[in-house]
Amino acid sequence: MEKPFAITLDVGSSLANKTGSWRTYRPRYGDRLPPCNNACPAGENIQGWLYHAESGDYEQAWRVLTQDNPMPAVMGRVCYHPCESKCNRGELDQSVGINSVERFLGDQAIKLGWKFAPPATASGKRVLVVGAGPSGLSAAYHLARLGHQVTIHEAGPLAGGMMRFGIPKYRLPRDVLEAEVQRILDLGVTLELNTKVENIEASMQAGGFDAAFLAVGAHIAKRAYIPAGGAAKLLDAMQVLRGMEDEEKPMLGRRVVVYGGGNTALDVARTAKRLGATDAIIVYRRTREKMPAHDFEVEEALQEGILIKWLSTIKNMSDEGTLTVERMELDATGFPQPTGEFETLEADSLVLALGQDVDLSLLNGVPGLEVEGGVVQVGPNMMTGRPGIFAGGDMVPSERTVTVGIGHGKKAARNIDAWLRGEVYTPAPKHELATFEKLNTWYYEDAPKTVQPTLDLIRRQSSFDEVVGGLNETNALFEARRCLSCGNCFECDNCYGVCPDNAVIKLGPGMRFEFNFDYCKGCGICSAECPCGAITMVPENA
Amino acid sequence: MTATVIKFYQTGTHTVGNRLLDPSQRSVQADMRRTNSLNSGHRACQGCGEALGARYAIDAAMQACDNQLIAANATGCLEVFSTPYPETSWQIPWIHSLFGNTAAVATGIAAALRVKGRSEVRVVAQGGDGGTTDIGFGCLSGMFERNDDVLYICYDNEAYMNTGVQRSSATPGAARTATTPAVGPAPGNVFGQGKSLPLIAMAHEIPYVATAIVSELRDLEAKVRRAMEIRGARYIHVFVPCPLGWGTRSDQTIAIARLAKETGIFPVIEAEHGELTAVSKIRKQRPVEDYLKPQRRFAHLFSPAVNTAAIAQIQALADRNIRRFGLVDAAAAAGAE
Amino acid sequence: MLKQCEGSHAVAATVALCRPEVICAYPISPQTHIVEGLSEMVRDGTLQHCEFINVESEFAAMSVAIGASAAGARSYTATASQGLLFMAEAVWNASGLGLPIVMTLANRSIGAPINIWNDHTDAMSMRDAGWLQLFAENNQEAADLHIQAFRLAEELSLPIMVCMDGFILTHAYEGVDIPTQEQVDAYLPPYEPRQVLDPREPVSIGAMVGPEAFTEVRYLAHAKQMQALDRIPQLAAEFRQQFGRDSGGLIRTYRLEDAQTVVVALGSVLGTIKDTIDDLREAGHKIGVLGITSFRPFPTAAIGDAVSHVERVVVVEKCFAVGVGGIVSRDVRTAMREHPHPIYAVVAGLGGRAITKASLRQLFLSAMADELEALTFLDLDHQAVNRELERERLTRRSGPIAENLLRDLGVVAARVG
Ligand SMILES: Cc1cc2nc3c(=O)[nH]c(=O)nc-3n(C[C@H](O)[C@H](O)[C@H](O)COP(=O)(O)OP(=O)(O)OC[C@H]3O[C@@H](n4cnc5c(N)ncnc54)[C@H](O)[C@@H]3O)c2cc1C
Ligand SMILES: Cc1ncc(C[n+]2csc(CCOP(=O)(O)OP(=O)(O)O)c2C)c(N)n1
Ligand code: SF4
Ligand code: SF4
Ligand code: SF4
Ligand SMILES: [Mg+2]
């Protein structure tokens with residue numbers, strides 16, 4: 001229509017007015033490192049796989065997860081989930097049940113038979129992995145996916161390392177372990193059982209290996225000197241737990257005392273209970289607060305009727321099985337000191353659970369190697385002092401967990417891969433941490449953590465059935481959706497919605513957003529209202 | 001374990017969008033094809049809540065009527081920042097006549113449409129609190145009383161902003177404006193004055209009255225949608241913080257609105273034919289100080305000395321709202337104790 | 001069809017024939033009978049396709065008309081006096097937005113003191129509001145002007161006020177020829193707006209215009225009114241052709257051919273003036289009359305031409321600008337820049353005071369003798385005025401003027417008794 005001058009205007013013509021010139025600060029999208037990812041010893045991209053789990057695309061979630069960790073079903077059961085301790089949601093209500101979702105994905109993969117994609121190309125390089133524990137298996141998996149030919153030499157009759165011969169069945173059913181090991185082997189990894197490596201250099205030479213990854217774990221039980229009568233039944237935790245994998249279960253009697261305060265002590269006591277012990281007593285030098293075992297495990301043990309004698313040391317054991325126990329007191333530094341007060345305790349057997357040392361005999365005579373405190377020293381690239389020989393897991397200085405072992409395996413594999421090509425592996429630089437105060441938690445609905453079902457007590461005390469159940473599809477989805485997506489845009493559309501100047505351009509599903517700096521006035525609302533802290537305001541001319 | 005109803009804890013219960021929701025359930029603002037009825041290039045201050053509220057409301061109305069919408073707009077910030085010659089930010093047929101006659105202009109448009117048989121075309125009128133509760137009140141009340149087929153939307157920023165922040169009948173007690181300066185024995189706006197237009201609208205027993213707030217987009221859109229389903233006089237009162245007039249940081253516009261609701265200062269309610277039909281509960285109740293402190297218009301309540309009496313008075317008003325409208329869930333309140 | 005009826009009803013009936021689509025009504029004397037009549041026609045179905053809206057004020061009436069007109073509907077309202085002032089802001093707005101609203105103004109004075117009777121103060125208060133103002137001399141013309149007004153307003157996209165003297169015309173029974181629907185339809189095509197609010201072709205109407213374009217907008221409004229100076233006589237001619245009578249136009253002259261003195265006036269008083277002139281003509285005085293029908297736009301050239309041969313001009317006006325004097329007379333003066341004759345402004349008939357033939361005759365005689373002051377108040381009670389002035393000079397608290405005057409005249413005293 002013919003419009004009257006000046007008082008009537010063409011719609012949308014204000015686009016000619018570029019209000020971006022008002023800006024003194026500009027918004028910037030960025031990615032931050034979620035604290036869960038940062039805390040995961042296996043270096044999982046937790047947030048990344050939760051993202052797919054939230055959409056119900058479990059296979060994709062599993063695929064993202066297994067880029068870092070090949071054993072989610074195992075991890076979902078035995079990992080002490082430091083990720084959850086660091087999860088920002090913990091400050092809101094309760095941390096996201098990352099571990100339980102991980103387990104769900106792992107179980108789902110087993111149930112539905114998901115397989116790893118075979119490597120695209122073969123490198124022609126041969127790598128020897130010593131030990132089929134979590135660390136060795138992880139290295140084998142990653143090396144295989146990188147196209148290398150991997151052979152594992154395992155001294156024992158079955159794969160799994162401590163996952164099989166340490167961790168009891170009621171926490172890790174063996175079919176789960178076997179399924180995840182098999183999937184790794186299906187990638188073309190050769191596993192040679194009952195093949196103990198006596199001399200690493202010889203084995204490498206014999207097999208024509210270009211590099212080796214050592215992960216022999218720590219299997220030699222530590223002993224404390226406890227004077228004991230010849231007839232007294234004195235065992236170590238490794239003997240007991242390893243014996244659980246034999247036809248003949250260990251004979252511990254009705255009254256079992258376990259000496260030590262780590263998770264191993266708990267596992268032994270709980271195993272003893274299941275084997276029929278009426279009394280399973282843990283004797284520990286210090287207090288509950290000082291106990292290295294994880295709280296939830298202590299809790300589960302206490303529920304099952306395990307008794308714990310705190311602040312006590314065992315002085316001796318008579319032939320009849322009478323233990324002399326001294327009461328201890330913590331000094332100012334928190335160290336236990338003897339009090340000279342004694343009491344006695346009757347036991348059919350005493351199991352020592354005082355930790356393990358590494359058997360390093362296979363490294364005898366290897367030049368350049370450095371051993372300190374009974375463990376092999378490695379560089380940041382996991383290589384020992386001998387070029388081409390890498391090591392990880394319990395045999396190197398670090399926390400001894402399955403997860404750390406798996407992380408080492410991954411890290412070593414990447415470094416071995418680079419080393420084989422004469423290169424140096426440089427990990428991608430880490431983003432700044434997504435801390436809680438960067439979040440705008442208003443936008444997240446209150447949602448307490450899903451409680452995993454647990455086996456009833458009677459069955460726990462009498463059988464080796466798995467104690468903790470898994471999530472089902474509904475509550476796994478629920479749990480995944482509790483994730484706040486700390487530090488990384490999850491396409492909630494908030495910025496797109498809240499900009500008073502329509503200066504946020506939505507690029508479409510999966511493509512996130514862009515700013516339209518022609519019109520962005522730099523008010524900062526998008527940044528303030530971004531739930532996950534993915535937008536920062538920076539000075540315009542910085 | 002019993003099955004759990006799947007909620008969208010992360011992405012959508014409160015956020016604008018939600019990649020996990022069925023497209024039909026997503027907010028209008030999350031839609032890439034939203035009309036942006038108030039387009040970029042307008043001259044509202046940085047972080048203007050009114051610009052935001054207007055786009056929210058009009059986009060939602062546009063969607064509800066298949067883009068068959070005409071708007072009448074009162075004088076005020078929204079009009080001035082959107083249509084300075086030679087540019088307009090509006091993408092819809094829009095008219096500005098005067099400050100105090102918007103409801104009547106809308107009545108005229110609605111009458112014209114009716115007489116021309118264009119029943120598919122809908123009419124909104126919009127204005128600031130001054131244009132609505134004060135100078136435009138007569139025309140508004142007339143439009144209500146006649147039950148004209150108009151949706152009137154008031155963007156309440158609690159003062160005459162366009163003329164430089166003067167008191168209106170929507171200005172709260174103690175607030176500093178250019179005509180209620182923070183000087184003398186009782187600084188700021190006088191307590192015990194002002195009016196609640198939503199309640200007055202309800203007293204007209206018109207088919208639909210609602211209040212909404214820019215921090216609750218989904219609620220706002222739902223209310224616009226509901227209003228658009230109804231014929232006759234409808235009123236939506238949208239609370240829109242004004243960074244300039246309130247002395248708040250431009251990035252805090254939504255946060256301040258949220259606090260207005262969470263303190264009980266601004267009740268978010270819905271009524272049909274004069275009867276309250278729904279209230280939006282407070283999710284995490286907060287003391288009024290949390291709302292007052294970040295606003296320079298209330299700075300005199302905190303320095304040089306804390307004016308506990310005035311703050312208590314404001315708290316009492318918030319508490320009365322909470323009581324009157326049942327803004328706090330009894331169960332939630334018990335749980336919190 | 002010739003109908004003996006009240007002026008208001010004649011107007012109502014004629015407006016209805018113009019097919020208005022939206023009518024806004026708010027009561028004020030002496031306009032009320034017009035919208036009452038229309039309301040009845042809408043209710044009983046005589047007038048179809050029309051929304052009749054009872055608004056809450058004149059401000060709303062004009063505002064509803066603005067909205068309706070902007071949305072493409074032919075819109076009509078009527079008011080008077082206080083009502084016009086109450087809608088003042090919207091009056092300006094309607095013209096500023098170029099909306100062809102037609103409004104009947106039943107001319108009435110403006111208070112205080114409140115007064116419901118006729119004069120032209122209300123119309124004059126809005127003479128610069130950008131509206132066209134057409135003044136009717138009698139009820140026939142009042143009715144006819146509405147038909148022309150709709151046509152002209154819509155052609156120009158400007159609003160028009162049809163002014164008719166309150167009571168004198170609105171309440172007078174006269175024979176009025178009410179045209180047929182066919183006649184009106186043939187003269188007045190359906191409204192085709194220049195700009196319209198429509199989702200099919202959205203526009204923003206009513207932008208804020210700053211110094212960079214405001215003058216141009218104003219100039220364009222003026223230019224349109226100047227176009228009207230050409231269109232008004234054409235439309236009147238067309239009207240005569242179709243309806244067979246003279247109505248409208250810019251000015252109307254009477255016995256002006258050889259006049260040395262011309263009396264200028266607006267509205268119904270022209271009738272009395274013509275009667276007086278007839279008498280004076282009989283007595284041999286060379287005196288004539290010029291009635292202004294279109295006060296806005298002001299027909300400067302037409303008046304200038306018409307009075308070029310006269311020696312003096314007497315403007316009888318029912319209004320005045322306090323502190324200055326005549327209003328119409330000042331505009332007339334601009335039309336006579338080339339003829340430096342004396343112009344006598346005569347303020348008459350304020351607040352309904354009767355303008356009698358006797359007074360006029362006296363007045364014209366003195367004018368012809370050039371014995372008039374530049375500004376004269378017809379039939380002013382000098383005594384009453386002087387008493388009050390004296391009272392104010394003597395006492396501070398002299399009391400309300402209106403009541404004082406009434407008391408002096410014995411009106412109040414009699415009532416208080
Ligand atoms: C009782 C118990 C419970 C535990 N529970 C948990 C738990 O719940 N969560 C957790 O994260 N961690 C747990 N841990 C710790 C965890 O099991 C270990 O840290 C982890 O298994 C170490 O992995 P690794 O691969 O380094 O060694 P290992 O798992 O010990 O595996 C080493 C493998 O190398 C083989 N081997 C050794 N020497 C040779 C050789 N010379 N040639 C060939 N093969 C050789 C061994 O037979 C073994 O299979 C537990 C440990 C114990 C003892
Ligand atoms: C009749 C009239 N009186 C006063 C004004 C001046 N005026 C223009 S906008 C405005 C303030 C508008 O306040 P509000 O309606 O609350 O809208 P806001 O600008 O705060 O959004 C005023 C007082 C005017 N334009 N018209
Ligand atoms: S909320 Fe999600 S992203 Fe954030 S720490 Fe927890 S699991 Fe990681
Ligand atoms: S909300 Fe819009 S205008 Fe404000 S900083 Fe973000 S993009 Fe810019
Ligand atoms: S003064 Fe307030 S309402 Fe007006 S444009 Fe600025 S922020 Fe918006
Ligand atoms: Mg305001």
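So you know, we letter chains A, B, ... as the sequences are listed, proteins then strands, and number each from 1.
- Looking at B:Glu79, only its side chain comes within 4.5 Å of chain C, counting heavy atoms on both sides.
- With a 4.5 angstrom heavy-atom cutoff, C:Cys24 does not touch chain B via any of its atoms.
- Residues of residues 69-78 of chain B lying under 4.5 angstrom from chain C, judged on non-hydrogen atoms, are B:Leu69, B:Ile70 in numerical order.
- Your options are C:Gly72, C:Ser69, C:Gly206, and the one with the most heavy-atom pairs under 4.5 Å with chain B is C:Gly206.
- More than 12 heavy atoms of other residues, nucleotides or ligands sit less than 6.0 Å from atom CD of B:Glu272.
- Among residues 103-114 of chain B, the residues having any heavy atom closer than 4.5 Å to a heavy atom of chain C are, in sequence order, B:Ala104, B:Val105, B:Thr107, B:Gly108, B:Ile109, B:Ala111, B:Ala112, B:Arg114.
- When each of C:Ala60, C:Ala70, C:Ser204 is checked for heavy-atom pairs under 4.5 Å with chain B, C:Ser204 comes out on top.
- Your options are C:Ala73, C:Ala71, C:Pro199, and the one with the most heavy-atom pairs under 4.5 Å with chain B is C:Pro199.
- Around the CD atom of C:Glu192, the shell of radius 6.0 Å holds no more than 12 heavy atoms that belong to other residues, nucleotides or ligands.
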Begin with the C-alpha distance, continue with both residues' side-chain angles, and end with the deciding distance and a verdict on side-chain contact (heavy atoms from CB on, under 4.5 Å) for B:His96 and C:Met208. CA-CA 9 Å; B:His96 161 243; C:Met208 186 178 76; over 6 Å; no
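- Contact tally against chain B (heavy-atom pairs below 4.5 Å) for C:Ala61, C:Ala65, C:Gly67: the top residue is C:Gly67.
- Contact count against chain C (heavy-atom pairs under 4.5 Å) is highest for B:Leu98 among B:Val80, B:Leu98, B:Thr88, B:Thr83.
- Ranked by heavy-atom pairs under 4.5 Å with chain C, the list B:Met143, B:Arg146, B:Glu145, B:Gln68 is led by B:Arg146.
- Applying the side chain to side chain donor-acceptor pair (under 3.5 Å) test to pairs two or more places apart or on separate chains, those with a residue in residues 78-99 of chain C are B:Ser97-C:Asn93, C:Ser81-C:Arg108.
- Environment of NE2 in B:His273: crowded, with over 12 heavy atoms of neighbouring residues, nucleotides or ligands closer than 6.0 Å.
- Atom OH of C:Tyr187 is surrounded by more than 12 heavy atoms from other residues, nucleotides or ligands within 6.0 Å.
- The shortest non-hydrogen separation linking B:Cys139 to C:Phe59 is SG-CD2, 3.8 Å.
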Could you give the side-chain donor-acceptor pairs of residues 155-162 of chain B under 3.5 Å, partners two or more places apart or in another chain?
unit_1: B:Tyr155; atom_1: OH; unit_2: B:Gln126; atom_2: OE1; d: 2.7
unit_1: B:Asp156; atom_1: OD1; unit_2: B:Glu158; atom_2: N; d: 2.8
unit_1: B:Asp156; atom_1: OD2; unit_2: B:His237; atom_2: NE2; d: 2.8
unit_1: B:Asn157; atom_1: ND2; unit_2: B:Glu50; atom_2: OE2; d: 3.4
unit_1: B:Glu158; atom_1: OE1; unit_2: B:Arg297; atom_2: NH1; d: 2.9
unit_1: B:Glu158; atom_1: OE1; unit_2: B:Arg297; atom_2: NH2; d: 2.8
unit_1: B:Tyr160; atom_1: OH; unit_2: B:Asp134; atom_2: OD2; d: 2.7

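- Both the backbone and the side chain of C:Val209 come within less than 4.5 Å of a heavy atom of chain B.
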